[in-house]
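Some notes on the structure that comes next.
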Amino acid sequence: MKIWKYFAASSALFALFGCSESSNVAGNSAETGSPELAGVLFLDSGKPAALARVQCVPFQFDVLSDTLPGNYQSRTDDSGAYLLEGLAAGKYSLEAFDPRSGKMLLVQNIEVSDSGLVAVSDTLRSSGYMLLDMEKDSLDGSAGYALVTGTTLMRPVRVDGNRVLVDSLPADTLDLRLYLNEGMDVIDFQNVEVPAGDTVKVFLREEPAEPELPDTLVLRYMASLAWPADGDTAFGTYSSDIPIALRLDSSNCDFGDFENLEGRWEVYRVSTDGSRSRSLPIVPSYFDIENRKALFWTRVDSLNVTDSLELIFNTSKETLYATDVFPTSRSYAAVYHFDDGLKTVSEAAEKQGYEGIGNGLKETEGVLGSAALFDGKGYMVVDGSAASDTARKTDLNFAYSHNTNFSMWVKLADIKTTQTILAKGESQYNLHFAPDSGFVAEVFHEAEPYKDSTSDTASYRMVVASGMDVVKAGEWTFVAFNGTGAFTMFVNGQKLAVKYEKVPWSGTRSEDRNLEIGRTDGSEGPVGYLNGALDELVISGSLRPDAWTMATYLNQRPGEAWPKVVAR
């Protein structure tokens with residue numbers, strides 16, 4: 001608010017209002033010693049408040065019984081100027097209202113002397129609201145009026161329960177009087193600050209104190225991407241679109257800090273020169289305050305081992321998580337963490353189109369949280385993964401000519417019997433364990449005699465086996481398989497020098513079976529339920545480079561977190 005006081009010598013201001021189009025601007029009563037109130041009013045857009053209603057209201061005005069003299073009321077001209085003359089000396093409030101925009105103004109405690117001019121110029125703002133919370137609900141349903149003391153403002157109100165909402169109030173500090181039941185109940189509120197375009201909540205009773213929390217709390221953690229000492233550098237240290245698991249536990253995080261807090265987790269890649277990337281996609285797998293452990297997944301476009309990741313928690317931002325840590329645009333077809341229940345197994349790839357249905361699965365400790373325990377009887381069906389079950393082209397059907405990748409952690413309780421790990425029917429692909437061959441991957445190829453002269457005219461199974469040297473009962477083992485072209489298998493930290501061979505096959509390849517985990521749904525193939533546990537199963541329609549596979553193994557292996565997260 002801007003208030004300037006002038007006396008009769010201020011002829012420049014008189015000239016400004018001498019050309020007003022208001023019906024009350026006629027002559028200059030200040031020349032005869034009669035007080036005047038004048039100024040220029042604007043809208044909050046900066047435009048003049050043209051043709052706005054203006055009135056000055058005596059300090060002791062009672063809207064229920066008093067009326068304003070005609071010379072106490074006027075309108076602004078096209079420039080927003082107004083002039084009220086012939087006023088009595090005393091204390092006033094200036095009220096203004098623009099009916100087109102609904103903007104309002106109230107300026108209180110204006111002193112007008114016996115002679116001279118008082119200039120009040122200001123900006124009309126959006127109206128505010130006052131929410132009154134009554135101590136008792138005995139007045140529920142009562143009707144009446146809310147008056148702003150010393151103004152013409154009177155609003156009809158009704159008590160709803162124990163609350164009263166008074167709307168269309170000017171943005172100012174107000175004294176408000178509530179008349180209910182034809183004046184039988186009168187309640188006063190003093191010095192209530194009403195914000196423009198918002199609601200102020202006023203209680204008639206003392207509210208219980210809420211625990212004080214800092215306005216903004218920011219917690220930071222850093223994780224170096226430097227290649228661990230036992231990482232085989234022969235694989236190289238560059239890879240793209242690799243999901244990274246970031247682990248928090250009692251060694252690097254005080255979980256008590258997060259009691260009753262809400263905020264946003266963000267992650268950035270930080271280069272050696274201090275520059276930071278844009279915010280990377282991030283999603284939690286779990287955040288367990290009671291057991292003091294948490295796991296977040298993020299994804300880096302490229303894995304530069306001279307960089308670090310910065311993990312930030314900020315209470316000033318709303319919770320927001322991404323869905324593209326495992327993007328389908330990068331051929332992530334299905335991803336299972338087994339952390340969200342085993343009757344219905346959620347799927348974490350971006351499209352999340354392949355929910356699992358668990359049958360007899362149990363929870364056990366995994367490499368990064370919970371894992372699925374297969375006791376030789378249980379299994380999981382990937383619902384809707386058969387081509388006949390989906391209107392869109394399913395991306396869990398892989399042929400011999402398709403790029404294919406599986407990676408997972410397996411703990412075998414029994415290494416004396418054949419067991420299925422995963423299988424797409426009996427004629428597409430499977431990964432199983434055989435006591436004489438170790439981990440075995442099979443991809444089926446059907447003869448194509450009519451395509452062209454280079455097509456295979458025979459049907460066969462492409463078989464890749466790890467050997468038994470890398471298999472141990474009761475231990476978590478990382479297994480990854482790349483299909484098509486140069487078939488490869490990776491177990492723990494080793495890329496195996498496997499031999500693959502074509503085995504004649506006389507069957508017919510079909511896509512009408514769902515993918516199953518822990519068993520094969522047909523009578524042929526590697527019959528046998530899985531007896532052991534499974535965690536972090538990733539299925540991709542692409543070939544993953546060796547550096548990606550090595551980084552995935554190092555990142556997920558239990559007990560040896562890389563990258564290691566430390567609090568800042």
Minimum heavy-atom separation for [X] and [Y], please, with both atom names.
| X | Y | answer |
| --- | --- | --- |
| Cys56 | Leu37 | CB-CD2, 3.8 Å |
| Ala334 | Tyr354 | CB-CB, 4.4 Å |
| Ala294 | Phe287 | CB-CD1, 3.4 Å |
| Pro563 | Ala245 | CD-O, 4.3 Å |
| Phe189 | Val192 | CB-CG2, 4.1 Å |
| Val120 | Tyr82 | O-OH, 2.7 Å |

Side chain of [X], backbone of [Y]: donor and acceptor closer than 3.5 Å?
| X | Y | answer |
| --- | --- | --- |
| Thr151 | Leu153 | yes |
| Ser346 | Asp340 | no |
| Asn252 | Asp249 | yes |
| Asp175 | Asn191 | yes |

### Message
Around atom OH of Tyr145, are there more than 12 heavy atoms from other residues, nucleotides or ligands closer than 6.0 Å?
### Response
no
### Message
With a sphere of 6.0 Å drawn around CG of Asp160, does it hold more than 12 non-hydrogen atoms of other residues, nucleotides or ligands?
### Response
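For Asp160, atom CG is not crowded (no more than 12 foreign heavy atoms under 6.0 Å).
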### Message
Assess the residue pair Ser370 and Glu363 against the criterion (side-chain hydrogen bond (donor to acceptor under 3.5 Å, both in side chains)); give the C-alpha distance rounded to whole Å, side-chain angles, the decisive distance to 0.1 Å, and a yes or no.
### Response
CA-CA 6 Å; Ser370 298; Glu363 182 180 328; 3.0 Å; yes
### Point-to-point distance, once rounded to the nearest 0.5 Å, from CG of Asn304 to OG1 of Thr272
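Result: 8.0 Å between the selected atoms.
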### Message
Working to the nearest 0.5 angstrom, can you tell me the gap between Arg158 CZ and Leu139 CG?
### Response
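Arg158 atom CZ to Leu139 atom CG measures 12.0 Å (nearest 0.5 Å).
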### Query
Going through the checks in order, is the salt bridge (Lys or Arg N to Asp or Glu O under 4.0 Å) test met by Arg299 and Asp324?
CA-CA 8 Å; Arg299 176 176 54 84; Asp324 60 344; 3.8 Å; yes
### Query
Phe296 vs Trp265 aromatic rings, parallel, tilted or perpendicular, using cut-offs 30° and 60°?
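Phe296 and Trp265: tilted rings.
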### Query
Would you call the rings of Trp297 and His337 parallel, tilted or perpendicular, where under 30° means parallel and over 60° means perpendicular?
parallel
If the threshold is 4.0 Å, N to carboxylate O, is there a salt bridge linking [X] and [Y]?
| X | Y | answer |
| --- | --- | --- |
| Glu350 | Arg330 | no |
| Asp77 | Arg75 | no |
| Asp188 | Arg177 | yes |
| Lys103 | Asp98 | no |
| Arg276 | Glu310 | yes |

### Task
Evaluate the criterion side chain to side chain contact (heavy atoms under 4.5 Å, CB included) for residue pair Leu303 and Trp548; output intermediate values, then yes/no.
CA-CA 9 Å; Leu303 180 61; Trp548 182 96; over 6 Å; no
### Message
Aromatic contact between Phe258 and Phe313, with the criterion being ring centroids under 6.0 Å apart: yes or no?
### Response
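Yes, the ring centres sit under 6.0 Å apart.
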### Message
Distance to the ring centre below 6.0 angstrom and angle to the axis at most 45 degrees; does that hold for Arg292 and Phe255?
### Response
no
